[in-house]
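Letters go in sequence order (proteins before strands), and every chain restarts at 1. It should be emphasised that the depicted structure is a prediction, and the values quoted were computed from it without experimental measurement.
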Amino acid sequence: AQSVAQPEDQVNVAEGNPLTVKCTYSVSGNPYLFWYVQYPNRGLQFLLKYITGDNLVKGSYGFEAEFNKSQTSFHLKKPSALVSDSALYFCAVRDRGSQGNLIFGKGTKLSVKP
Amino acid sequence: DVKVTQSSRYLVKRTGEKVFLECVQDMDHENMFWYRQDPGLGLRLIYFSYDVKMKEKGDIPEGYSVSREKKERFSLILESASTNQTSMYLCASRSAAGELFFGEGSRLTVL
């Protein structure tokens with residue numbers, strides 16, 4: 001069965017420092033991977049996706065993610081965090097069965113302090 | 001830009017009431033979804049629809065039903081609301097490229 005795990009419930013970073021939000025996945029075959037962000041009391045917004053090609057994927061708001069097949073990971077990164085990046089981040093993998101629906105991780109709360 | 005609109009941002013209902021949550025998308029997407037979001041549990045799929053009048057159960061369909069009479073509209077129905085259905089409900093539609101576009105969410109409180 002396809003699954004995705006976000007091992008950290010919360011990540012705390014100082015403004016200006018690099019940030020990493022971790023995600024590991026378990027799929028059969030080649031994965032389709034996604035990152036979404038949710039600001040307080042809002043819906044989820046698409047950040048980036050990996051389908052194929054370059055392992056480093058660039059997305060919205062300066063975020064990028066690195067696909068690592070050997071480690072089955074798709075960590076979200078940003079070189080310099082902003083206070084406004086504080087939000088809930090979800091990793092997702094596309095289920096190859098069940099109409100290709102997305103399976104979401106439980107989310108990681110990112111807190112960026114000034 | 002794709003827009004997914006959920007009719008109610010905040011609702012307060014009483015146990016046993018019937019609740020309708022409406023969702024409309026404006027990008028002619030075929031696939032639409034209803035999720036509920038609870039702290040520590042992430043997003044869980046309730047129902048989805050891949051065409052008009054078609055519906056499929058997700059992971060937690062019990063206590064819910066859906067209606068898709070028109071392509072742009074996907075409604076979630078709680079026939080008899082219970083306190084354990086207090087949650088944030090998120091509607092989404094999916095593009096041909098596989099991206100989900102979410103509405104702003106409907107926060108339901110059942111007293």
Side-chain angles (χ1 to χ4, degrees), chain A residues 1-10 21-25 27 29-53 57 59-60 63 65 74 87-109, chain B residues 1-10 21 23-25 27 29-51 54-61 68 87-109:
Chain A
Q2 333 285 337
S3 66
V4 62
Q6 295 180 243
E8 302 155 317
D9 291 335
Q10 179 151 350
V21 183
K22 295 179 181 177
C23 172
T24 59
Y25 64 89
V27 299
N30 295 321
Y32 289 10
L33 296 158
F34 300 78
W35 276 103
Y36 285 81
V37 60
Q38 185 182 34
Y39 298 102
N41 296 313
R42 306 292 296 277
L44 278 69
Q45 297 177 36
F46 171 78
L47 273 180
L48 52 79
K49 66 179 178 183
Y50 172 83
I51 303 296
T52 186
V57 180
S60 306
F63 283 92
F74 189 56
L88 191 55
Y89 290 81
F90 289 95
C91 182
V93 63
R94 184 166 180 174
D95 190 347
R96 291 191 168 263
S98 185
Q99 303 287 333
N101 296 334
L102 293 190
I103 299 169
F104 286 87
K106 295 191 184 327
T108 298
K109 183 178 180 181
Chain B
D1 282 350
V2 174
K3 194 166 178 67
V4 178
T5 304
Q6 294 184 231
S7 56
S8 304
R9 292 294 308 276
Y10 301 94
L21 299 179
C23 175
V24 177
Q25 52 98 0
M27 280 302 291
H29 290 163
E30 293 183 349
N31 297 280
M32 296 186 72
F33 303 80
W34 275 105
Y35 292 88
R36 65 176 283 176
Q37 181 183 9
D38 301 286
L41 297 178
L43 273 69
R44 293 180 291 168
L45 182 62
I46 305 171
Y47 266 97
F48 63 101
S49 169
Y50 51 89
D51 203 351
M54 306 299 285
K55 59 185 179 183
E56 292 283 345
K57 293 180 180 179
D59 299 318
I60 52 163
R68 184 108 183 260
S87 187
M88 169 73 99
Y89 290 88
L90 294 167
C91 175
S93 68
R94 189 171 74 195
S95 71
E99 297 166 25
L100 286 180
F101 294 85
F102 284 85
E104 294 289 282
S106 298
R107 186 169 292 282
L108 172 66
T109 301

Self-check item: Region of Tyr10(B) that comes under 4.5 Å of a non-hydrogen atom in chain A
Solution: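 Answer is side chain: those atoms of Tyr10(B) sit under 4.5 Å from chain A.
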
Quiz item: Is chain A contacted by the side chain of Ala92(B), its backbone, both, or neither, given a heavy-atom distance below 4.5 Å?
Solution: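 For Ala92(B), no heavy atom lies under 4.5 Å from chain A.
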
Quiz item: Got a sec: does the CZ of Arg42(A) have more than 12 other heavy atoms crowding it under 6.0 Å?
Solution: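 Atom CZ in Arg42(A) is not packed in, count stays at 12 or less.
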
I need the [X] [atom1] to [Y] [atom2] distance, nearest 0.5 Å.
X: Arg94(B); Y: Arg94(A); atom1: CZ; atom2: CZ; answer: 4.5 Å
X: Phe90(A); Y: Leu100(B); atom1: CZ; atom2: CG; answer: 12.5 Å
X: Gln37(B); Y: Leu88(A); atom1: CD; atom2: CG; answer: 6.5 Å
X: Phe104(A); Y: Tyr35(B); atom1: CZ; atom2: OH; answer: 4.5 Å
X: Glu99(B); Y: Tyr36(A); atom1: CD; atom2: OH; answer: 6.0 Å

Quiz prompt | Worked check of side-chain contact (heavy atoms from CB on, under 4.5 Å) between Gln38(A) and Leu90(B) | solution = CA-CA 11 Å; Gln38(A) 185 182 34; Leu90(B) 294 167; 4.3 Å; yes

Quiz prompt | side chain to side chain contact (heavy atoms under 4.5 Å, CB included), paired with Leu43(B), selected from Leu102(A), Leu44(A), Ile103(A) | solution =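 For Leu43(B), the side chain to side chain contact (heavy atoms under 4.5 Å, CB included) check succeeds only for Leu44(A).
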
Quiz prompt | Side-chain donor or acceptor of Arg9(B) paired with backbone N/O of Asn41(A) under 3.5 Å | solution =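 Yes; at least one donor-acceptor contact below 3.5 Å.
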
